[in-house]
Structure formats: structure tokens, C-alpha cells
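Just so you know, these numbers use all the heavy atoms, side chains as well, and skip hydrogens, waters and symmetry mates. One-based numbering, in listed order, for ligands and for the atoms of each.
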Amino acid sequence: MRVVVTGGAGFIGGSLVHALVGGGAEVTILDDLSTGSMDNIHPAAAFRCMDITDDASRAVIEAARPEVIVHLAAQVSVAASVADPDHDWTVNVGGTRAVAEAAVSAGARCVLLASSAAVYGEPVELPLTEGSHTDPAVPYGHSKLEAERVLDEVLRPAGVDFACLRFANVYGPRQRAGGEGGVVAEFASRMASGTTPVIFGTGAQTRDFIFVADVVGACVAAAEYEGVLAGPGPGGPAYNVSTGRATSVSMLAEGLRVAMRYAGEIGREPARDGDVAASVLSPEKAAETFGWRAAVDLQHGLGVTAAWFSRSR
Ligand SMILES: NC(=O)c1ccc[n+]([C@@H]2O[C@H](COP(=O)([O-])OP(=O)(O)OC[C@H]3O[C@@H](n4cnc5c(N)ncnc54)[C@H](O)[C@@H]3O)[C@@H](O)[C@H]2O)c1
């Protein structure tokens with residue numbers, strides 16, 4: 001399979017490209033290294049250092065003749081989206097339009113967009129399903145929801161299949177502190193350096209934490225699926241990529257404390273604006289459609305993550 005991975009030098013993209021190459025795929029990475037790193041790039045993948053919003057990206061995608069495009073490149077920081085929503089929109093919406101148009105002219109079979117649980121905003125029901133109300137609380141969530149709409153607008157009339165994979169809070173090796181869902185990376189890097197990690201709010205807020213290898217598994221399963229992903233069912237082309245299990249931030253900190261053998265304190269600060277109180281996403285639709293389920297237990301995933309942060313300190 002020929003695959004283009006935008007954002008393939010990033011946290012999730014780095015792991016995805018390693019898995020795709022390991023499975024025999026021919027991979028081309030487009031990444032401007034704004035938050036990604038050359039260290040994450042698999043040597044067997046072709047790499048073009050390029051902004052996806054640059055006009056030249058279309059020719060690079062066409063030349064790669066991808067069957068599948070996994071579009072991960074994005075402005076991923078919620079705080080940066082609040083500080084500069086225009087830039088967030090340019091990269092996440094404009095960039096998605098550019099990738100979708102290139103997918104059409106390159107004759108791709110399918111595009112997978114890295115969307116986010118942030119499209120739901122404060123949940124009105126739990127667990128969230130793909131048919132749940134969407135009302136993003138932050139500009140990042142708005143741009144991801146609009147990116148989903150843009151895919152529909154560009155790809156459906158052209159007959160290119162697509163899926164909007166709404167990732168829950170992803171964690172694992174290669175993650176930087178400060179990105180979306182970066183609480184594990186933030187805590188782990190602080191614990192590794194002996195700096196006090198800080199919980200914002202009570203710590204009772206819950207999230208659906210999913211290990212990066214499970215997210216990679218979902219992307220591969222969706223890429224290999226031979227049916228139609230953008231079908232007419234509830235939520236259309238949207239698929240939650242999640243565990244279906246809620247973990248409080250306090251529980252997460254304690255699990256990581258064990259994994260990191262951290263004996264110091266855990267600090268507390270007031271809750272931040274836009275932080276939702278509870279979030280857990282049902283993964284049933286992905287399981288029923290393309291046969292994927294998360295398999296990694298949280299404490300095991302935290303152990304692997306802790307080992308990586310301890311080594312790379
Ligand atoms: N990490 C999470 O918990 C999480 C949750 C939901 C959704 N997502 C989405 O998953 C995707 C990957 O996120 P990640 O956590 O691996 O973040 P990341 O910052 O590690 O990866 C993003 C990659 O995109 C590249 N990039 C950014 N802007 C670009 C541009 N204009 N042109 C080319 N490359 C560009 C960066 O250099 C980086 O390598 C993103 O779309 C993100 O919104 C992540």
C-alpha cells in the first residue's frame with residue numbers, strides 16, 4: 001500500500017509510520033517540523049520538509065500516488081489556538097482543504113483525518129458517540145469540526161472515501177509536553193526531572209486516555225478496510241478512537257507516579273477555562289465497522305511511556 005502521512009514526524013505520526021513501514025507500506029511523509037522531529041522519521045520513508053498549506057504540497061502528494069492519505073499535520077495546542085485562532089484555522093482548516101484537494105487530483109482511494117474529542121465540547125451525554133451533539137469549547141475544537149466538514153465538501157462529490165477519526169487523549173513515547181492531550185507527557189517529563197507536576201482543578205475531571213499504539217492500530221485498520229467508511233450511519237464518516245474507559249486526572253497522576261517511581265509531591269492549581277469536567281468516548285462504531293478495539297491496559301501503557309521518558313531525560 002502507498003501511503004502519504006502528513007505530520008509523520010510528530011508524536012502519533014512517528015509511531016504510525018514505523019508501523020506502516022514495518023507492515024510493508026511505501027510511505028511518504030510531509031511535515032514542516034514545526035513541532036515534529038527528525039528523530040521520529042523512519043529512515044525507510046520518503047520525507048519532504050514542507051508546510052501542507054504551501055501550494056507545492058499538492059505536487060508532492062500527486063507524485064507519491066497514495067492509495068491512502070493519513071492527515072495528522074495540524075496546529076495541536078489548545079492554548080495556541082486560543083492565543084491565535086487565525087493561525088489555528090489556517091493550518092487545521094486550510095491545510096485540510098489543501099490535502100483533500102490533493103487527494104482528489106492524486107486519485108487517492110481514502111483520506112483519514114486526525115480529528116479530536118475536542119469537537120464535542122462539554123458533553124451533554126456520556127459516553128460520547130459519533131451522533132452526540134458537537135459544540136466545541138475552544139478554537140482548536142472548532143477548527144477540527146470545520147476540517148471534518150471540509151473533507152465532506154471536497155471528497156464526497158469526488159467519490160474519495162474518508163473518515164474523521166476523533167482521537168481521545170493520546171499518550172505514549174515521543175509525546176511532547178504542551179501538545180493536545182499532553183497531560184501524561186507533561187507529568188512524565190516533570191516527574192523524570194524531579195519537578196512537581198501540577199493538577200489543574202480538583203483532579204476529579206475524567207478523560208479517555210488511549211495509548212499511541214492503539215491509535216496507530218485504528219489508523220492501520222481504517223486504512224486497510226475495504227468497505228465504505230464515509231457511510232450514511234449515525235455520525236456519518238466520524239469514528240471515535242478511544243478506550244471507552246474514563247480515568248480521573250488524579251488516578252492518572254497516581255498511576256504515573258508508580259510507573260515513574262516518583263516520590264515527590266503533586267501540586268494543585270485552579271481549573272483552566274475550557275477544560276471539560278468529564279469525557280469518555282464510545283469506541284463501538286469503529287469496532288463494528290472496521291473491527292478495531294483498543295487493547296493496551298492503562299497501567300501497561302503508562303509503564304512503557306515512563307520508561308521512554310526516563311531514558312530520554
Ligand atoms: N495527541 C493527542 O492526544 C491528540 C488528540 C486528538 C487529536 N490529535 C490530532 O492528532 C494529530 C497528531 O497530533 P500529535 O499529538 O502527534 O501532535 P504533533 O505536534 O506531535 O504532530 C503534528 C505534526 O504535524 C506537523 N505539522 C504541523 N503543522 C504543519 C504544517 N502546516 N505542515 C506540515 N506539517 C505540520 C508537526 O511538525 C508535527 O510533526 C493532530 O492532527 C492532532 O490534532 C491528537
Would you please test Ser250 and Ser248 for side chain to side chain donor-acceptor pair (under 3.5 Å) and show each step? CA-CA 5 Å; Ser250 292; Ser248 73; 4.8 Å; no
Are [X] and [Y] side-chain neighbours, meaning at least one heavy-atom pair lies under 4.5 Å?
X      : Y      : value
Arg268 : Val198 : no
Leu33  : Met38  : yes
Trp292 : Cys219 : no
Asp161 : Val111 : no

Heavy-atom nearest pair, Asn40 first then Ala9, reads ND2-O, 2.9 Å
Approximate separation, where rounding is to 0.5 Å, of Thr6 OG1 and Ile52 CD1: 5.5 Å
[X] N/O to ligand 1 N/O under 3.5 Å:
X      : value
Ser34  : yes
Phe167 : no
Phe11  : yes
Asp31  : yes
Ile12  : yes
Gly10  : yes
Thr53  : no
Asp51  : yes
Ala73  : no
Ile52  : yes

Answer side chain, backbone, both or neither: which part of Tyr140 comes under 4.0 Å from ligand 1, heavy atoms only. side chain
Distance filter under 4.0 Å to [X] heavy atoms, resulting ligand 1 atoms:
X      : answer
Met50  : 32 (N), 33 (C)
Arg176 : 19 (O)
Ser115 : 6 (C), 7 (C)
Ala168 : 3 (O), 5 (C), 6 (C)
Thr35  : 18 (P), 19 (O), 22 (C), 36 (C), 37 (O), 38 (C)
Leu33  : 37 (O)
Gly36  : 36 (C), 37 (O), 38 (C), 39 (O)
Ala9   : 39 (O)

Within 45 degrees of the axis of the six-membered ring of Tyr262 and under 6.0 Å from its centre: does Arg257 put its NZ or CZ there? no
Pick from Ser115, Ser143, Ser116: which one makes a side-chain hydrogen bond (donor to acceptor under 3.5 Å, both in side chains) with Glu148? Ser115
In this structure, which one of Val215, Asp208, Val280 forms a side chain to side chain contact (heavy atoms under 4.5 Å, CB included) with Ser242? Asp208
Exactly one of Leu128, Thr134, Val241 clears side chain to side chain contact (heavy atoms under 4.5 Å, CB included) with Arg166, and that residue is Thr134
Can you tell me if Lys144 contacts ligand 1 (heavy atom of the residue under 4.0 Å from the ligand)? yes
Looking at ligand 1, would Val91 count as a contact under a 4.0 Å heavy-atom criterion? yes
Checking Asn240 side chain against Ser282 main chain: does a donor-acceptor pair fall under 3.5 Å? yes
Backbone N/O of Pro139 and side chain of Lys144: donor-acceptor pair under 3.5 Å: no
